[in-house]
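See structure below.
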Amino acid sequence: MFPPKRPTLFPKRYLYSGCASPPRAPKSALPHLSLLADKCISMTQLKQIHAQMIVTSRISDHFAASRLLSFCALSDSGDINYAIKLFNITQDPNIFMWNILIRALANSPNPSRAVFLYIQMRRQGVCPNNHTFPFLLKGCCSSCLPESCMQVHTHVLKFGLELDLHVVNGLVRGYCVSSHLSSARRLFDEFSERDLSIWTTMITGYAQNFCAIEALVLFDRMLVEGFEPNGSTVASVLSACARSGCLELGERIHAFMLERGVQMGVILGTALVHMYAKNGAISMATKLFDSMPERNIATWNAMLCGLASHGHAEEVLALFRKLEKEDLVPNDVTFVGVLSACCHAGLIDVGYKIFNSMKEVYGIEPKIEHYGCMVDLLGRGGKLVEAEELIKRMAWKADVVILGALLAACKNQGNIEIAERVVKDILALEPHNHMVHVVLSNMFAEAGRWQDVWRLRKVMKVGNLKKTPGWSLVDGDK
DNA sequence: CTAGGGTTAG
């Protein structure tokens with residue numbers, strides 16, 4: 001008979017009877033299945049290939065299974081829950097499969113799961129390799145566990161991977177994110193095979209920890225050592241210039257970009273707008289902003305917040321109205337800018353209206369920063385009782401920043417009654433924060449309540465008094 | 001056998 005009937009790979013009864021694994025199909029029988037998984041563009045296709053692999057027993061081959069896992073876990077059209085299920089039914093997954101899932105979890109909305117998976121992997125006695133740590137560190141950095149980077153570092157040493165460029169880069173970033181800048185710098189300095197990425201990581205670390213000068217000094221050294229910055233490096237340095245008020249250096253970098261023809265996309269455009277606006281070069285920022293062909297919400301926020309920090313409240317509100325007509329959705333950062341502008345200009349009613357619209361119109365739950373703006377706004381307007389009420393209504397415990405804003409307002413208004421309550425709350429959070437005693441003491445002194453001033457002095461231990469900066473400023477200390 | 005890092009707004 002021609003063409004010959006294709007032989008079945010194994011008897012049909014194996015397929016559905018749930019009996020022990022069927023005889024393994026010869027690998028050559030279906031050589032393209034795992035390659036097909038690489039070309040997959042949807043979960044529907046992937047499930048078909050998965051089914052074929054089960055039917056043909058190919059799934060027990062770790063290489064084939066890992067092609068499926070890669071797509072589910074990493075592709076934009078993948079499905080991480082499917083990846084987890086696939087992983088869970090795999091017998092003795094190999095290190096590649098563990099790594100893929102750790103990576104996927106690190107990029108997921110709940111990145112601490114990457115750390116938990118690593119712990120599970122170690123419990124099963126599987127050894128990590130050079131690919132494991134960059135993914136794991138990413139998970140640590142973007143979860144609420146940045147401190148765990150230090151523990152990861154001990155594992156890196158244990159497995160002898162401290163000379164891998166990607167691993168070191170991940171560790172440097174981890175230490176930067178958890179604000180251990182000196183540890184990050186030590187690793188950076190001790191590692192001799194540096195490339196542009198690790199320089200960028202260290203510079204970004206400084207910039208994001210508000211150590212702009214260090215960032216700029218390091219950038220300078222990078223240039224001296226002959227590295228050519230790329231878009232990522234430039235964006236970071238511009239951010240440092242914006243935060244530290246280095247307008248001149250920012251301008252020089254802008255000139256450098258134009259000279260070298262550095263591709264100016266939305267990220268670099270935003271970084272430039274931010275740098276100019278934050279440094280008060282509003283007309284330059286506006287000119288750039290208007291000329292950008294593509295703007296995202298970060299671009300608008302850079303412009304709004306830059307204007308707000310220089311007190312241009314009218315312009316902020318005008319720009320915000322313009323934003324409402326665009327196809328972009330404002331986010332929480334947008335409202336920090338707009339509300340702080342209202343605060344500077346003392347626009348209580350407008351601010352209140354916008355604050356309420358956050359949730360009602362835009363569905364954005366106000367964060368503690370937004371409450372902070374409102375407390376500041378109400379406090380400046382003399383509405384201390386309302387400000388205190390607002391703090392009580394918050395879903396979270398008030399932090400020192402927000403209580404400090406209220407205390408400052410109390411001081412300006414001379415409201416000792418509320419100030420005493422606020423000081424008590426701050427001391428509950430930070431028992432050694434003697435500055436609040438100083439503020440309160442000053443308020444008592446202004447009101448001529450000398451007995452209270454002396455009572456406060458007794459509350460504070462004399463030994464701590466000497467260490468408290470600002471004590472000598474107390475008016476009543478005569 | 002397969003894979004990896006750094007970038008914008010607060």
Side-chain angles (χ1 to χ4, degrees), chain A residues 27 34-35 37-38 61-71 73-74 94-104 106-107 129-138 141 161 164-174 176-177 188 194-205 207-208 210 222 227 229-240 242-243 262-275 277-278 289 292 294-309 328 330-340 367-370 372-373:
Chain A
K27 278 196 178 170
S34 46
L35 297 177
D38 284 336
D61 172 13
H62 277 167
F63 182 78
S66 63
R67 303 321 306 146
L68 291 179
L69 189 70
S70 294
F71 179 84
L74 304 179
N94 60 16
I95 185 63
F96 178 86
M97 298 177 86
W98 284 99
N99 288 347
I100 291 293
L101 203 59
I102 290 176
R103 176 182 172 194
N107 293 326
N129 66 8
N130 54 332
H131 288 278
T132 315
F133 289 112
F135 306 143
L136 176 62
L137 284 162
K138 186 147 194 215
C141 288
L161 293 166
D164 184 285
L165 178 66
H166 293 99
V167 174
V168 176
N169 198 358
L171 282 172
V172 171
R173 181 154 180 269
C176 288
V177 168
F188 175 86
R194 292 188 286 259
D195 73 343
L196 183 61
S197 287
I198 198 164
W199 279 96
T200 307
T201 303
M202 195 63 233
I203 291 170
T204 309
Q208 295 191 339
F210 298 93
M222 188 189 101
F227 285 92
N230 64 7
S232 304
T233 327
V234 168
S236 243
V237 177
L238 283 173
S239 170
R243 288 164 190 234
V262 176
Q263 274 283 326
M264 185 100 67
V266 62
I267 291 180
L268 281 177
T270 303
L272 276 172
V273 167
H274 181 217
M275 190 278 295
K278 205 63 192 290
F289 181 81
M292 281 172 68
E294 187 199 340
R295 291 178 289 216
N296 62 19
I297 189 63
T299 321
W300 284 81
N301 289 344
M303 197 66 225
L304 282 168
C305 297
L307 285 169
S309 67
L328 291 168
N331 64 13
D332 53 327
V333 181
T334 318
F335 286 99
V336 173
V338 176
L339 290 175
S340 68
K367 290 187 177 176
I368 201 153
E369 303 91 287
H370 305 103
C373 289

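Just so it is clear, the model here is predicted, and its values are computed rather than measured. Chain naming here is simple, since letters A, B, ... match the order of the sequence lines and numbering starts at 1 in each.
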Q. Excluding sequence neighbours, so at least two apart, what forms side chain to side chain donor-acceptor pair (under 3.5 Å) with D195(A)?
A.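 Once residues adjacent in sequence are excluded, D195(A) has no partner under the side chain to side chain donor-acceptor pair (under 3.5 Å) criterion.
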**Q.** Partners meeting salt bridge (Lys or Arg N to Asp or Glu O under 4.0 Å) with R295(A) (sequence neighbours left out)
**A.** none
Q | Expected output: side-chain T270(A) to main-chain V266(A) donor-acceptor under 3.5 Å | A | yes
Q. Backbone N or O of T233(A) within a donor-acceptor pair of the S236(A) side chain at under 3.5 Å?
A. no
Tell me what [X] touches on the nucleic acid: a base, only sugar-phosphate, or nothing, going by heavy atoms under 4.0 Å.
{"X": "H166(A)", "result": "base"}
{"X": "R67(A)", "result": "base"}
{"X": "G170(A)", "result": "nothing"}
{"X": "V333(A)", "result": "base"}
{"X": "Q263(A)", "result": "nothing"}
{"X": "L196(A)", "result": "base"}
{"X": "D38(A)", "result": "nothing"}
{"X": "L304(A)", "result": "nothing"}

Length of the line joining [X]:[atom1] and [N]:[atom2], which is rounded to integer Å:
{"X": "F289(A)", "N": "dA9(B)", "atom1": "CZ", "atom2": "C1'", "answer": "11 Å"}
{"X": "M292(A)", "N": "dA9(B)", "atom1": "CE", "atom2": "C1'", "answer": "11 Å"}
{"X": "R103(A)", "N": "dG5(B)", "atom1": "CZ", "atom2": "C1'", "answer": "11 Å"}
{"X": "K367(A)", "N": "dA9(B)", "atom1": "NZ", "atom2": "P", "answer": "15 Å"}
{"X": "I198(A)", "N": "dT7(B)", "atom1": "CD1", "atom2": "P", "answer": "13 Å"}
{"X": "F71(A)", "N": "dT2(B)", "atom1": "CZ", "atom2": "P", "answer": "21 Å"}
{"X": "M222(A)", "N": "dT7(B)", "atom1": "CE", "atom2": "C1'", "answer": "13 Å"}
{"X": "N169(A)", "N": "dA3(B)", "atom1": "CG", "atom2": "P", "answer": "20 Å"}

What closest approach, in Å, do [X] and [Y] show between heavy atoms, and which atom pair accounts for it?
{"X": "T299(A)", "Y": "F289(A)", "result": "O-CE1, 3.8 Å"}
{"X": "V167(A)", "Y": "L137(A)", "result": "O-CD1, 3.9 Å"}
{"X": "A240(A)", "Y": "A207(A)", "result": "CB-CB, 3.8 Å"}

Counting only side-chain nitrogens and oxygens, does [X] get under 4.0 Å of the OP1 or OP2 atom of [N]?
{"X": "H370(A)", "N": "dG10(B)", "value": "no"}
{"X": "H274(A)", "N": "dT8(B)", "value": "no"}
{"X": "K278(A)", "N": "dG10(B)", "value": "yes"}
{"X": "S70(A)", "N": "dA3(B)", "value": "no"}
{"X": "Q208(A)", "N": "dG10(B)", "value": "no"}

With the side chain of [X] defined as its heavy atoms from C-beta on, choose the nearest nucleotide among [options].
{"X": "F63(A)", "options": "dT2(B), dG10(B), dT7(B)", "result": "dT2(B)"}
{"X": "N296(A)", "options": "dG4(B), dG10(B), dT8(B)", "result": "dT8(B)"}
{"X": "R173(A)", "options": "dG6(B), dT8(B), dG4(B)", "result": "dG6(B)"}
{"X": "S197(A)", "options": "dG10(B), dG5(B), dT2(B)", "result": "dG5(B)"}
{"X": "S232(A)", "options": "dG4(B), dA9(B), dT7(B)", "result": "dT7(B)"}
{"X": "V336(A)", "options": "dG10(B), dA9(B), dT7(B)", "result": "dG10(B)"}

(Q) Can you tell me how far apart CG (N107(A)) and CZ (F135(A)) are? Round to the nearest 0.5 Å. (A) 9.0 Å
Please determine whether any donor N or O and acceptor N or O are separated by less than 3.5 Å between the side chain of [X] and the base of [N].
{"X": "S66(A)", "N": "dT2(B)", "value": "yes"}
{"X": "D195(A)", "N": "dG5(B)", "value": "yes"}
{"X": "N230(A)", "N": "dG6(B)", "value": "yes"}
{"X": "N94(A)", "N": "dT2(B)", "value": "yes"}
{"X": "D164(A)", "N": "dG4(B)", "value": "yes"}
{"X": "N331(A)", "N": "dA9(B)", "value": "yes"}

Q) Is the ring centre of H131(A) under 5.5 Å from the base ring centre of dG4(B), and are the two planes under 30° apart, so that they stack? A) no
**Q.** Centroid distance under 5.5 Å and plane angle under 30°, F96(A) vs dT2(B)
**A.** yes
